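Everything numeric in this text was worked out from a predicted model, so none of it was measured.
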Amino acid sequence: MKNIVIDGQIIDLSSPSVMAVINATPDSFYNESCAETPEILIRNIEFALQNGASFIDLGACSTRPGSTPVSASEELNRVSNALRLIRNHFGNIPISIDTFRSSVAETAVKDFNCAIINDISAFSSDDKMLDTIVSFQRPYILGHYPEEAVSEDTPDDIFIASVLKFFSEKIEILRNRGFNSDIIIDPNFGFKKTLHQNYVMLRNLGVLKCFGLPILAGLSRKSMIYKVLDTTPENALNGTTILNTVAVMNGADILRVHDPLEASQICKLLSL
């Protein structure tokens, strides 16, 4: 049975769970996810919790392809303001902090008791992040983020082998450094992959089960959906629902989404 431990409590992942995306930033590839005012932030979180989200994933620095990250001080200011509001309004709900910066992760965990550190860069963008992860011993979402993307001409089986090698090496580093908390594997759909490789990864998601760790799938409204359908992120909910269903059927334990109601319905139906 897969589970993670948060604040000493076992969170059962034997049935898939939903992680709702909340962006404390004015810019995102999907603008509806942006919580630019306190009222919108509270409303979005209330909706997520009422519609099946088990976790809130809070980010304050856009990492969409082609974006320029805000400064560390700006990200920290946004995160602190949002987390202060969340804690005052919702108490100690499980929050994942979405950041590649150690200073932001440290503040989020130390000052606001964030339960999970979600780092798309696999501790490669900040040389202090690994020490921060190890020191706090909170569940860590390990994103697939190789130094160099695999060539688009690479055979599919070699590409999948490279993903497995990446995770194997990163997990070994974490364990050897004394990280004994839970690791959640995220194949990072949309990052350092061609469109074709994203779908190869989705079809082969089950191979990641070899690590015996929870698998997170973040497909929500991404370009791998709306480019294929020749539409926009705003009109990519149907495609998202289809691919989230495929992800759960292929082994995903957590769906990271902008639309928690629809994702929760997938999880409920596929748990029967």
Side-chain angles (χ1 to χ4, degrees), residues 1-22 30 32-33 43-58 90 93-96 98 115-116 118 139-144 160 163-164 167 182-190 198-222 224-226 228-229 231 233-272:
M1 179 182 296
K2 289 181 183 176
N3 55 59
I4 59 175
V5 178
I6 294 178
D7 286 338
Q9 302 217 348
I10 296 175
I11 308 299
D12 183 10
L13 295 178
S14 57
S15 296
S17 296
V18 172
M19 175 178 283
V21 177
I22 300 293
Y30 177 52
E32 290 297 315
S33 69
R43 183 195 68 195
N44 289 356
I45 294 177
E46 282 180 342
F47 180 84
L49 296 175
Q50 290 168 2
N51 288 281
S54 299
F55 313 97
I56 299 298
D57 189 51
L58 180 73
F90 296 99
I93 60 173
I95 299 175
S96 163
D98 180 4
I116 300 170
N118 180 10
Y140 176 65
I141 299 175
L142 174 65
H144 176 249
I160 291 297
V163 174
L164 293 173
F167 281 123
D182 298 297
I183 299 171
I184 300 165
I185 294 177
D186 179 2
N188 262 358
F189 291 105
N198 279 307
Y199 282 93
V200 171
M201 188 71 256
L202 179 60
R203 287 194 299 272
N204 290 276
L205 194 63
V207 302
L208 298 179
K209 293 180 181 180
C210 69
F211 297 109
L213 301 172
I215 299 168
L216 180 147
L219 295 150
S220 185
R221 296 181 182 266
K222 287 188 172 178
M224 64 180 286
I225 299 169
Y226 67 77
V228 172
L229 299 178
T231 186
E234 289 72 20
N235 293 313
L237 176 55
N238 187 50
T240 295
T241 298
I242 293 167
L243 294 197
N244 277 337
T245 302
V246 173
V248 171
M249 294 179 71
N250 286 351
D253 301 291
I254 301 172
L255 295 177
R256 181 183 180 273
V257 300
H258 299 96
D259 306 281
L261 173 60
E262 289 80 1
S264 296
Q265 291 173 343
I266 293 170
C267 295
K268 180 179 288 188
L269 290 171
L270 293 181
S271 296
L272 295 176

Any donor-acceptor N/O pair, Ser17 side chain to Leu13 backbone, under 3.5 Å: no
Over all atoms of both residues, closest heavy-atom pair of Asp182 and Asn3: OD1-O, 3.8 Å
Donor-acceptor contact present, side-chain Asp7 to main-chain Gln9, <3.5 Å: no
Pairwise distance OH(Tyr226) to OG1(Thr240) - rounded to 0.5 angstrom: 11.0 Å
Residue pair Met224 / Val228: nearest heavy atoms and the distance that separates them: O-CG2, 3.3 Å
Spacing of Leu269 atom CG and Ser264 atom OG [to the nearest 0.5 Å]: 11.0 Å
4.5 Å side-chain heavy-atom contact, Thr241 and Gln265: no
Pair Phe55-Ile11, side chain to side chain contact (heavy atoms under 4.5 Å, CB included): steps then yes or no: CA-CA 11 Å; Phe55 313 97; Ile11 308 299; 4.0 Å; yes
Pairwise side-chain contact, Met19 with Leu255, heavy-atom cut-off 4.5 Å (strictly under): no
Backbone of Leu202 reached by a side-chain donor or acceptor of Asn250 within 3.5 Å: yes
Flag if over 12 foreign heavy atoms under 6.0 Å of CG, Asn235: yes
Atom pair OG (Ser96) and CD1 (Ile184), whose distance is rounded to the nearest 0.5 Å: 7.5 Å
Minimum heavy-atom distance Asp186-Gly218, with the two atoms named: OD1-N, 4.4 Å
Pairwise side-chain contact, Arg256 with Asp98, heavy-atom cut-off 4.5 Å (strictly under): yes
Value rounded to 0.5 Å, distance of CD1 in Ile45 from CD in Gln50: 12.0 Å
Heavy-atom check, side chain of Ile116 versus side chain of Pro94, under 4.5 Å: no
Leu208/Val163 under side chain to side chain contact (heavy atoms under 4.5 Å, CB included): CA gap, chis, key distance, verdict: CA-CA 9 Å; Leu208 298 179; Val163 174; 4.3 Å; yes
Heavy-atom donor-acceptor pair, Asn244 side chain to Ser220 backbone, under 3.5 Å: no
More than 12 heavy atoms of other groups within 6.0 Å of Ile10 CD1: no
Geometric class of the His144/Phe167 ring pair [parallel <30°, tilted 30-60°, perpendicular >60°]: tilted
Inter-residue atom distance Ile95.CD1 - Ile6.CD1, 0.5 Å rounding: 10.5 Å
CD1 on Ile183 to CD1 on Ile141, rounded to 0.5 Å: 12.0 Å
Pairs where residues 244-253 contributes a residue and the test salt bridge (Lys or Arg N to Asp or Glu O under 4.0 Å) is met, not counting sequence neighbours: Lys2-Asp253
Heavy-atom pair with the smallest gap, counting every atom of Phe47 and Leu261: CZ-CB, 4.3 Å
Side chain to side chain, Ile4 and Pro214, heavy atoms closer than 4.5 Å: yes
Within-4.5 Å side-chain heavy-atom neighbours: Pro16 and Ser271: yes
Closest contact, heavy atoms only, Lys209 versus Gly251: CE-CA, 3.5 Å
With sequence neighbours excluded, residues passing side-chain hydrogen bond (donor to acceptor under 3.5 Å, both in side chains) with Asn188: none
Heavy-atom side-chain contact between Leu213 and Leu142 under 4.5 Å: no
Non-hydrogen side-chain atoms of Phe189 and Leu205 separated by less than 4.5 Å: yes
